[in-house]
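Encoded as structure tokens, the structure appears first; notes follow it.
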Amino acid sequence: MSADASTSVNYLNHDRSIKSWLLTLDHKRIGILYLVVISLVFLGAGILALFIRLEQIAPGQDIMGPDAYNQIFTIHGVLMVFAFIIPAIPAILGNFVLPMQLGAKDVAFPRLNLLSFYLYVGGALIVLSALLVGRIDGGWTFYAPYSIRVGDSILFVTMGVFVMGFSSILTGVNFIVTIHKMRAPGLTWNRLPLFVWSLYSTAIVQVLATPVIGITVLLLFLERLLGIGIFDPALGGDPVLFQHFFWFYSHPAVYVMILPAFGIISELIGTFSRHRIFGYRFVALSSIAIAFLGALVWGHHLFVAGQSALASTVFSLLTFLIGIPTGVKVVNWVVTMHQGSIQLRTPMLYALMFLILFSIGGFTGIMLGVLPIDIHLHDTYFIVAHFHYVMVGGNVIAALGGLHYWWPKITGKIFNETLGRIAAGLIFVGFNLTFFPQFITGSRGMPRRYYDYPVEFESLNQLSTYGSWVLAAGMFLIAGYLLHSLFKGKKASANPWGSLTLEWTHTNRLPIPHNFERTPIVTRGAYDFHLAKDLFKDEPSGNGVDSHQVPDLEQEGRPEA
Amino acid sequence: MAEASTVTADRPKHLHPHFVSSEQQFDAAKMGMWLFLVTEILLFSGLFVAYTVFRIWYPEVFSHSAELLDWRLGGLNTIVLLASSLTVAMGVHYAQTNERKKLVRALILTICFAAVFMIVKYFEYTGKFAHGVFPGVNFDPHGTAGGHDYAAYNIPFAAQFFSIYFVMTGVHGLHVLIGIGLFSWIVIRANKGHFSSEYYTPVEITGLYWHLVDIIWIFLFPLLYLI
Amino acid sequence: MAHAEHHITPKKTLIQVFVALITLTAITVFAAQMDLGPLNVPIALSIAIVKASLVVVIFMALKHDNRMNAVVFLVGAVFVVVFLVLTLFDTAYRGDLPNTVEGTIMEEQAEQDALRARDPGPTPVPPSQ
Amino acid sequence: MGENGSVFLPEASSSFASEVDALFNFVLAVSTVFFIAVVGTMIYFVIRYRRRSHSFVPAPGKDSRLLELVSIVFPTILVLILFTWGFQVFITLSTAPPDSYEIRVRGKQWFWEFEYPNGVVTVNEMYVPLNKPVRLKMSAEDVLHSFFVPEFRVKHDVIPNRYTTVWFEATKAGEYRIYCTEYCGTQHSAMLGMVHAVPEAEFNTWLQNQDQDIPLLDLGERIFSQYACNACHAIDGTRKIGPQLNGLAGITRTLDDGSTVVADDSYIRESILDPNAKVVDGFAPGLMPAALGASLTPRQLDGLLEYIKSLE
């Protein structure tokens, strides 16, 4: 590797001007731009969530009226779904890590990548501008007759969602072409890291499903402006048809949310148990299977919406089938740990938390696939708890794990390990305290999107509000020590966790603008630790300063033993 | 950006820094375009689903209202669009064989055909607007023309047919306009000699986009005008 | 240089395909004039599919192109079919079990008004208690 | 599970509620078993294979095709069992017995309206007979709503311009809250109704005296439209099968036998109860069904009288 890391040119210090940041074509810098904006969105929408919980602390009016409450849960929903959770992992970690894991200099279309970022920021601003225009309520699903009757601000929300959808499509196209065309020599499909596989299947869903939300928004526009009578029941249209259009995008969208999380968990479990992923081929192909099966099951959102019984039955059966590959993935992760050498660093803690919380989310998902149970549980707090277990317990926990895992490569600094573990504990306790009581209020009959609730649900809602404070504390603690590590953190080595993927083994502490001096030649799979024994033989213990730099023999292309 | 990587001296001008070879760049651009075409197909699929759902609910209203659409104009438009598809394919052929003059002529011919398509569309639309056939709530057909008593078409759910007709052909027309814009930009660059058998990706990609716009019309024409 | 081995579709094939497309258009227009009853829709659709595949395979040169682009196109087409078929499972089969009723109230009202306009009928028997 | 529900479930007080609960508890139990198995093994592995030395690199585990197969086939079988059981219960949930008592439900922005076969209309309060299948034929007036009674395990969206139906058979007397579970605007959480499941006798008496409290005139108008009197008797002066009824109070009418009579209360009451007693000149006798008057309760008859006299 080149000279001592502090003086060498890297992607951060080679050009510090604002213009070089705002007009950058470097996938790493675009990842950081996304990180900044998406963290702000997460902060804002998270605070809204705290207000929701604060209002629900007791029945009756506590801190706001019903109108304000309805708007807050709607904006919380729209921002969290469209502006945070869909772009979060692919745009931040995907942009930063994917080209390096492929051994490429950059994504296939760098300019398109920058355009996607500005489309995303533009879309988010349009959604927020809707607040100035008027009140927006109706949930993030903006169902047909209500979203046609409500004020014009819904036009801005849907236009913002349309523009962000465009950004999502372009990122998807970019990633698919990058993975197909820009792999380093020797990097066959079977040697790809599983994070790349998951980004590939996410991109497939982004490309194939997002256009339909585009046409749904366009038809909603025309419905409101011209009254074309396709969704509006007063003109003979069918509101259930709107739900079909909406959920044909939105259910695959939840797989856009969870698939990258699967990828991160495979990376974390592989690296921290220093063991080959059990059934690598199955785990990779099940991501692709989920991407395609994900488009067959949207009807389970319409079991009580007035759908024909034939459709409900078909969708119920297909929903069960998509549970299988997900279940087997979880089994494979656990079996990977068998006879591994497991090191409980902070990222690994998040991986274990993912396995617990996502399993609860998954099992309740299977429960909701059963027709009569969904008839009782649909649109109650049970559903709110289910999708928070899958989205926050799944996607956000995996994103935090990924952020911690790649933090040394992004910033070159290592965060404080003990604070990391405390925060992980806080998040685990806070999350369960917030959302497990909602399973019970939901199955006992408390509907969702309720400003006021009958008295018998009070104690559980109170518990949930206290939980939300603990969860918030955990999140702020993470923000605290990560920002602290930026300025005062210890310098991390180029490969602090002992991982085998190219972004760790073949780059400096902070990667150079084009990632690699010479395009690396790959001679083994991403998790073949037994083939890279020399990587681990001499380094001292200590958290994050030990370096697992690959000896130079790799560069001359001499194949490994 | 400092060109850090050591690269062979004769790196062709059009090759972007992060690609290894222009072959890789060409394939990447084509695959990216095909992926974008799939998103266009799925965008229109929403409209085809809406059409099919309402047609299965009200088959006689839809086939009856379709009589109001002049299939001769639709047929003419189909031929015009197929011809423009041919001239685009010829254009790509000429680009590959370095015949710059013929390439420019083929592209200009394509733009003319597209313009003819839009003009025919304009007359169709104004013909309908004159008789009150508007998309949405202000749909009240009146008067008689071309052997049709428009008022007779004011039956329930006919408004839905014409709304779907206007939305489908409107969005398709918008894509034709975008096509015209793209081709004029390509013609200017072709005129300046930017394209050769070495590098003709923009022509090929715009060609792919145009063929897709033609395919959408191939499905629109029978569904709306004929059956 | 790299582009040498790219496939160049001969002009003759392009013209042949164009002629085929024009004739197919003529056929579909002619078929639409004669009323073939239930066969109308399937014929029109199959002709359109043949025309579309001609354009895709030859004009867009998918035949000589890298396999992956063909896979991308086919997956897109499959997604459209899935979207259409599963939505029709709902809309075309409403009222198969009594929890949903086929048709809208608007239509039902229209039918009753039409019935009542045609024949007011004898005095209605009082509804049972 | 017991009739009065569990931690997770409210009281089960409709005929199929216990079936839904059995299904719910089965899935809950199976999920908990699998969950404990997965998380337990995970925790065991984390402790057992803790990293002891930094340089130790474990041998790669071999991919066992068998475990892969088992973890696919076994859940698939379990899930198919779940599907078929769920499907059967879904069929019973969706098909109301033919003899069920039908109530018309209208969901409006922020209250429920229930209309009984005999024309009684109540707001937010629904009385249903015990141990008798009740079918609700529902539609919305403005936006989507959703009718949900947790204790009956019953829920269905209420859609404008379309009928949707739910049915239940209350098995336990009591009051059960009705929720709206589809977001319908500012007061969505205040759109609460109450189902009163009462024994059949009590239900019938409630239905009867339901007419007590509404004013005579409204009662009369409701009976007039319910029995569709205006199908034969116009109230706007036009001529129909029967004589016009507007502007009747106090005028004299000539009968088919030439005699005249003053249209006072007793004449109107008699013409309702025994239509052929006095037939107005120029109208055919024997068309108005005598059974009409007989089916009216005294209060309904007074109401009808009041209403007819009020027509000018």
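A, B, ... follow the sequence lines: proteins, then strands. Residue 1 opens every chain.
For A:Leu235, the part lying near chain C is the backbone, with the side chain staying farther off; criterion is any non-hydrogen pair under 4.5 Å. With a 4.5 angstrom heavy-atom cutoff, A:Val212 touches chain C only via side-chain atoms. For a residue to count as touching a neighbouring chain, one of its non-hydrogen atoms must lie under 4.5 Å from one of that chain's; by this rule A:Ala234 touches chain C with the backbone only. Contacts between C:Asn69 and chain A at a heavy-atom distance below 4.5 Å are absent for every atom of the residue.
Your options are A:Ile204, A:Leu302, A:Leu296, A:Leu241, and the one with the most heavy-atom pairs under 4.5 Å with chain C is A:Leu296. Between chain A and the residues C:Asp90, C:Val75, C:Thr100, C:Val82, the largest count of heavy-atom pairs under 4.5 Å involves C:Asp90.
Distance NE2/A:His244 to CG/C:Leu86: 9.0 Å, rounded to 0.5 Å. Put simply, OG1 on C:Thr104 and CG on A:Asp238 are 9.5 Å apart, with the number rounded to the nearest 0.5 Å. Taking CZ of C:Phe89 as the reference point, atom CG of A:Leu310 lies at 5.5 Å (rounded to 0.5 Å). Taking OG1 of A:Thr313 as the start and OH of C:Tyr93 as the end, the distance is 12.5 Å to the nearest 0.5 Å. C:Asn66 CG to A:His180 NE2: the interatomic distance, rounded to the nearest 0.5 Å, is 8.5 Å.
Around CZ of A:Phe282, the count of heavy atoms belonging to other residues, nucleotides or ligands within 6.0 Å exceeds 12. Environment of CD in C:Gln109: crowded, with over 12 heavy atoms of neighbouring residues, nucleotides or ligands closer than 6.0 Å. Heavy-atom contacts from other residues, nucleotides or ligands closer than 6.0 Å to CZ of A:Phe162 number 12 or fewer.
Although no hydrogens or angles enter the test, the distance criterion places no donor-acceptor pair under 3.5 Å between the side chain of C:Asp96 and the main chain of A:Ser308.
Counting only heavy atoms from C-beta outward, the side chains of C:Thr87 and A:Trp298 approach each other to under 4.5 Å.
Below 30°, between 30° and 60°, or above 60°: for A:Phe248 and C:Phe83 the angle between ring planes is below 30°, a parallel geometry.
Considering every non-hydrogen atom in both A:Leu208 and C:Gly76, the closest pair reads CD2-CA, 4.0 Å.
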